[in-house]
**Q** 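Before I ask anything, here is the structure I am working with.
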Amino acid sequence: MKEAIRRAVENVRSGLGGPFGAVVVKQGRVIASGVNRVTSANDPTAHAEVNAIREACRVLGAFQLQGCEIYTSCEPCPMCLGAIYWARPDRVYYAAGARDAAEAGFDDSFIYEELRVPHGGRKIPFVQEMRDAGLEPFQEWARKNDRVRY
């Protein structure tokens with residue numbers, strides 16, 4: 001945890017991103033790390049946890065992180081939470097909480113609220129189109145004998 005926090009502080013001091021850091025640990029050894037690079041990379045998905053997960057998967061040559069733990073300087077946002085569940089680490093440890101982040105200007109509670117709103121009533125409306133055509137990729141996937149399940 002100290003390493004994740006250290007990286008978050010260093011990231012702020014460098015001016016390259018926000019106050020977030022994360023490390024992925026396997027068998028007691030840090031195999032990957034990430035910091036927030038949203039503004040310097042012009043990438044809204046460049047959160048510390050996502051960057052650390054990407055690097056860990058590259059290092060391991062795998063798309064899941066079984067046998068790993070993630071240490072993050074702050075409770076993960078909804079996007080990072082989704083990435084963490086897809087990556088399937090054994091456990092996640094966090095230091096500061098979501099309320100602490102909100103008080104510092106990083107409030108993601110509106111995303112959780114939006115999830116409860118019907119698609120058309122969201123601040124960014126979601127409109128379904130061409131559902132039948134959209135099923136074709138899934139049908140192709142179902143026919144694929146060598147598909148890798150995840």
Side-chain angles (χ1 to χ4, degrees), residues 1-129 134 137-138 140-141 144 146-150:
M1 183 60 76
K2 287 180 183 178
E3 182 63 13
I5 294 168
R6 184 190 71 74
R7 288 177 182 274
V9 170
E10 185 178 283
N11 197 49
V12 171
R13 289 178 180 159
S14 75
L16 294 174
F20 303 96
V23 296
V24 178
V25 174
K26 184 165 187 155
Q27 298 175 337
R29 186 175 69 86
V30 173
I31 62 165
S33 65
V35 292
N36 179 286
R37 289 283 194 251
V38 169
T39 56
S40 60
N42 292 319
D43 180 354
T45 69
H47 288 203
E49 296 91 338
V50 171
N51 288 335
I53 288 168
R54 287 176 177 155
E55 177 66 11
C57 289
R58 187 192 65 74
V59 166
L60 295 174
F63 57 86
Q64 293 181 343
L65 299 177
Q66 286 101 347
C68 296
E69 298 173 325
I70 298 175
Y71 291 80
T72 180
S73 64
C74 186
E75 184 176 356
C77 75
M79 177 184 68
C80 293
L81 186 64
I84 287 165
Y85 271 93
W86 281 114
R88 295 181 175 87
D90 292 354
R91 182 162 294 160
V92 176
Y93 299 92
Y94 65 93
R99 181 170 281 137
D100 301 313
E103 289 173 5
F106 298 92
D107 189 359
D108 55 21
S109 61
F110 73 96
I111 297 172
Y112 290 107
E113 292 167 11
E114 282 286 287
L115 291 174
R116 291 188 287 273
V117 175
H119 290 142
R122 292 179 178 171
K123 290 181 178 139
I124 300 174
F126 282 64
V127 181
Q128 186 175 26
E129 291 185 347
F138 296 115
E140 284 295 317
W141 178 255
K144 188 173 175 55
D146 61 344
R147 65 185 177 266
V148 176
R149 296 185 185 269
Y150 59 96

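Residues take their numbers from the sequence shown, with the count starting at 1.
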**Q** Cys57 versus Leu65: any side-chain heavy-atom pair under 4.5 Å?
**A** yes
**Q** Kindly give the heavy-atom pair with the smallest separation between Pro125 and Gly120, and that separation in Å.
**A** CB-O, 4.1 Å
**Q** Minimum heavy-atom separation for Pro89 and Ile70, please, with both atom names.
**A** CG-CD1, 3.9 Å
**Q** Check whether Phe126 forms a cation-pi arrangement with Arg122 (NZ or CZ under 6.0 Å from the six-membered ring centre, at most 45° off the ring normal).
**A** yes
**Q** CZ/Phe106 to SG/Cys74 distance, rounded to the nearest 0.5 angstrom?
**A** 9.0 Å
**Q** Using distance only, find each side-chain donor-acceptor pair of residues 16-35 under 3.5 Å and give its atom names and separation, not counting sequence neighbours.
**A**
| residue | atom | partner | partner atom | Å |
| --- | --- | --- | --- | --- |
| Ser33 | OG | Arg7 | NH1 | 3.1 |

**Q** May I ask you to decide whether Arg6 forms a salt bridge with Glu10, counting only side-chain N to carboxylate O separations under 4.0 Å?
**A** yes
**Q** Starting at CD of Glu114, measure out to NZ of Lys123 and round the result to the nearest 0.5 Å.
**A** 5.0 Å
**Q** Can you tell if the side chain of Arg37 reaches within under 4.5 Å of the side chain of Asp43, non-hydrogen atoms only?
**A** no
**Q** Going by atom types alone, do Tyr71 and Glu69 pair a side-chain donor with an acceptor below 3.5 Å?
**A** yes
**Q** More than 12 heavy atoms of other residues, nucleotides or ligands under 6.0 Å from OH of Tyr112: is that the case?
**A** yes
**Q** Are the side chains of His119 and Val127 in touch, meaning some heavy atoms are under 4.5 Å apart?
**A** no
**Q** I'd like to know whether CZ of Arg91 has more than 12 heavy-atom contacts from other residues, nucleotides or ligands below 6.0 angstrom.
**A** no
**Q** If you define the side chain from C-beta out and look only at heavy atoms, does anything of Pro76 sit under 4.5 Å from Ile84?
**A** yes
**Q** Does Asn11 use its side chain to pair, donor to acceptor, with the backbone of Asn36 at less than 3.5 Å?
**A** yes
**Q** Between Glu55 and Arg58, is there a side-chain N and carboxylate O pair less than 4.0 Å apart?
**A** yes
**Q** Taking atom OH of Tyr94 as the centre, does the number of heavy atoms from other residues, nucleotides or ligands within less than 6.0 Å exceed 12?
**A** no
**Q** Just by modelled atom types, is the Gly97 backbone N or O under 3.5 Å from a matching donor or acceptor in the Glu75 side chain?
**A** no
**Q** Met79 and Thr45: which non-hydrogen atoms are nearest, and at how many Å?
**A** CE-CA, 3.7 Å
**Q** Quick one: CG on Asp107 to CZ on Arg99, what's the gap to the nearest 0.5 Å?
**A** 10.0 Å
**Q** Classify the angle between the aromatic ring planes of Phe63 and Tyr150 as parallel (below 30°), tilted (30 to 60°) or perpendicular (above 60°).
**A** perpendicular
